[in-house]
Amino acid sequence: MSVERHYDREFVRTFFTSPTAVEGEDDSAKMIQSAAQLRGLKAPDVWVPDNEDATAPSMRDEGVENIISVVAEHGAEFPGEIHPRMVWHRERPTTRYQGFQHMLQIANPDNGAVEHIDGFVIPEVGDIDDWKKADEFFTIVENEYGLEEGSLSMSVIVESGEAELALGDLRAEMGKPSNNLERLFLLVDGEVDYSKDMRGMTPTGELPSWPELRHNTSRGASAAGLIAVDGPFDDIRDIEGYRERMIDNRAKGMIGIWSLTPSQVVEANTEPLPPQTGSWLLTAGDTDIELEQTNGKHIYDGDSVSLSVEDDDTHHLVVGSDEHTLDRDELRSELLKMTAYVPSMDDIVDSMEEFEAAKEAGKGAIAMTQSATLVIDGVEIDIKTDRMWDEATYQAAMTPIALFQDVYEHRTDQHDELEDRYGADVVNRATQVGN
């Protein structure tokens, strides 16, 4: 049985935080003023005016005033969701009270911002009882101003062992009459404070990668019908590292990631979408190398693999320190083990449409053929692989298409950029397949 979701978005790619008040500036709201006017791929799916860690404690009251004024002015036009981050702490009642007062101020309809506010982000939560305390504050705020209960969503940042353990309690707790935890939206990892709470250390002083936390958060989100988001990637100049982190996350079912800069927003908005063009990968050792395509052939240009012809049906293949003498069929078999195809959006849609037509004709499974001509050291070799498609394969292929459809439905400001990326015909077909 699938878990019922209580909100429109099924996917969130980007969680972008901005300081709400910058000390020493003529306009302390300049960072959120700029963020509120982002559009297209530069605009996040979820924008978080950050009145906690990103804003100095002495500036947080002013930060709340800035949130109200900027959101009241620009919120109607902002293309993503808006979820301010409030102060909270599982062990500090005074901090929780301050966050509650700030929520009351922002949610006051007389201030003109709440109609554009989708919810609030609560950091530093503890066990499940602490999550319920935060939920109760949301309910009080909604009742104070006559808002519908549950209309303000709650996202939490998992920054402690207590909060990680609470992920296992969510499914059982949500829906009980004593709480409104159905308002939960995002589960966001906060690896910095989590490392502090766990007393994690590395020889270099860098953050541990915490793959277990990311897996547990993604699993907790899946079980409770929520959305999982990874924490901040601090090296903002390491775009390749940011991409690798997102690829690793997606294998865990975690699509979203924290973004600290507009350039990270663009990367995080783009990276999860299916590629514009398909490509063949050749594995050499622990490295996957994307082959260059020229005139319909896929060319390897590197030193880790070499191939030569000894006679009409004998080839000498060298991979690292391993050498193989193979006939042509054996060579094809070995290269098939070393290669993989990354399908484009057009490829995925084609395959899904073909399977839909076969299913309509009464077939439960069909074979899909993928072929290519590889060129290694000038030697050409044709390879071909067949993959069986059944209903389970179809549903797995639907995940990237469902992501695209979710983006296309909710981010109309990105339509032109998506058509530039894929072409109008592919976009149209991708919005229809699976429906």
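A donor-acceptor pair under 3.5 Å links the side-chain atoms of Ser153 to the main chain of Asp118, judged by distance alone. Listed for the Arg96 side chain is no donor-acceptor partner under 3.5 Å among the backbone atoms of Lys133. Side chain of Asp347 to backbone of Pro343: no donor-acceptor contact under 3.5 angstrom is found. Formation of a donor-acceptor pair under 3.5 Å by the Asp135 side chain with backbone atoms of Asn179 is not found in this model. For Asn180 (side chain) and Gly150 (main-chain N/O), no donor-acceptor pair under 3.5 Å exists by modelled atom type. In this structure, Thr55 contributes its side chain and Asp50 its backbone to a donor-acceptor pair below 3.5 Å. Of the possible donor and acceptor atoms, none in the side chain of Trp280 sits under 3.5 Å from a partner among the backbone N and O of Ala340. Panel note: side chain Tyr394, backbone Met352; no donor-acceptor pair is recorded below 3.5 Å. Remark: side-chain polar atoms of Ser222 are not paired, donor with acceptor, to backbone N or O of Ser218 under 3.5 angstrom. With Gln405 contributing its side chain and Ala430 its backbone, the two residues share a donor-acceptor pair below 3.5 Å.
Among all heavy-atom pairs drawn from Ala372 and His298, the shortest one is CB-CD2, 3.7 Å.
Other residues, nucleotides and ligands contribute only 12 or fewer heavy atoms inside 6.0 Å of the CE atom of Met201. Heavy atoms from other residues, nucleotides or ligands lying under 6.0 Å from NZ of Lys252 number more than 12. Heavy atoms from other residues, nucleotides or ligands lying under 6.0 Å from CG of Asn435 number more than 12. Remark: Arg92 CZ is loosely packed, at most 12 non-hydrogen atoms of other residues, nucleotides or ligands lying under 6.0 Å away.
With values rounded to the nearest 0.5 angstrom, Asp129 atom CG is found 10.5 Å from Glu162 atom CD. Annotation: the span from His74 atom NE2 to Ser69 atom OG amounts to 8.5 Å, rounded to 0.5 Å. Taking CD of Glu124 as the reference point, atom CG of Asp53 lies at 7.0 Å (rounded to 0.5 Å). With rounding to the nearest 0.5 angstrom, the CG atom of Leu374 is 6.5 Å from the CG atom of Leu291. Taken from CG in Leu317 to CG in Asp322, the straight-line distance is 9.5 Å, to the nearest 0.5 Å. Atoms CD1 and CD1, on Ile117 and Ile67 in that order, are 7.0 Å from each other to the nearest 0.5 Å.
Residues that satisfy the side chain to side chain donor-acceptor pair (under 3.5 Å) test with Ser28, not counting sequence neighbours, are Glu62, Asn66. Residues meeting the side chain to side chain donor-acceptor pair (under 3.5 Å) test with Asp189, sequence neighbours left out: Thr217. Residues passing the side chain to side chain donor-acceptor pair (under 3.5 Å) test with Glu142, sequence neighbours excluded: Arg183.
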Atom pairs and distances, donor-acceptor, side-chain atoms in residues 416-427, under 3.5 Å, two or more places apart:
| residue | atom | partner | partner atom | Å |
| --- | --- | --- | --- | --- |
| Glu417 | OE1 | Leu41 | N | 3.0 |
| Arg421 | NH2 | Pro274 | O | 3.1 |
| Tyr422 | OH | Pro274 | O | 2.4 |

Name the atoms and distances for all side-chain donor-acceptor pairs under 3.5 Å in residues 256-266, with sequence neighbours left out.
| residue | atom | partner | partner atom | Å |
| --- | --- | --- | --- | --- |
| Trp258 | NE1 | Thr17 | OG1 | 2.9 |
| Ser259 | OG | Tyr242 | OH | 3.1 |
| Thr261 | OG1 | Ser263 | OG | 2.9 |
| Thr261 | OG1 | Gln264 | N | 3.2 |
| Gln264 | OE1 | Leu260 | N | 2.8 |
| Gln264 | NE2 | Phe233 | O | 3.2 |

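The aromatic ring centroids of Phe120 and His83 lie 6.0 Å or more from each other.
Side chains of Thr95 and Trp88: a donor-acceptor N/O pair is absent below 3.5 angstrom, by distance only. In this model, no donor atom of one side chain and acceptor atom of the other lie less than 3.5 Å apart for His410 and Glu81. Side chains of Gln33 and Asp27: no donor on one and acceptor on the other come within 3.5 Å.
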Between Glu159 and Val192, is a side-chain contact (heavy atoms from CB on, under 4.5 Å) present by the stated rule, with each step listed? CA-CA 8 Å; Glu159 300 179 276; Val192 177; over 6 Å; no
Going through the distances and angles, do Gln98 and Phe100 end up as a side-chain contact (heavy atoms from CB on, under 4.5 Å)? CA-CA 5 Å; Gln98 183 186 32; Phe100 172 56; over 6 Å; no
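With Arg411 as the partner, the salt bridge (charged side-chain N to carboxylate O under 4.0 Å, His left out) test is satisfied by one option alone out of Asp45, Asp8, Asp406: Asp45. A salt bridge (charged side-chain N to carboxylate O under 4.0 Å, His left out) with Arg245 is found for exactly one of Glu191, Glu240, Glu271, Glu267, namely Glu191.
Pairs of residues two or more places apart, or lying in two chains, that qualify as ring pair (Phe, Tyr, Trp, His ring centres under 6.0 Å) and include a residue from residues 203-230 are Tyr194-Trp210.
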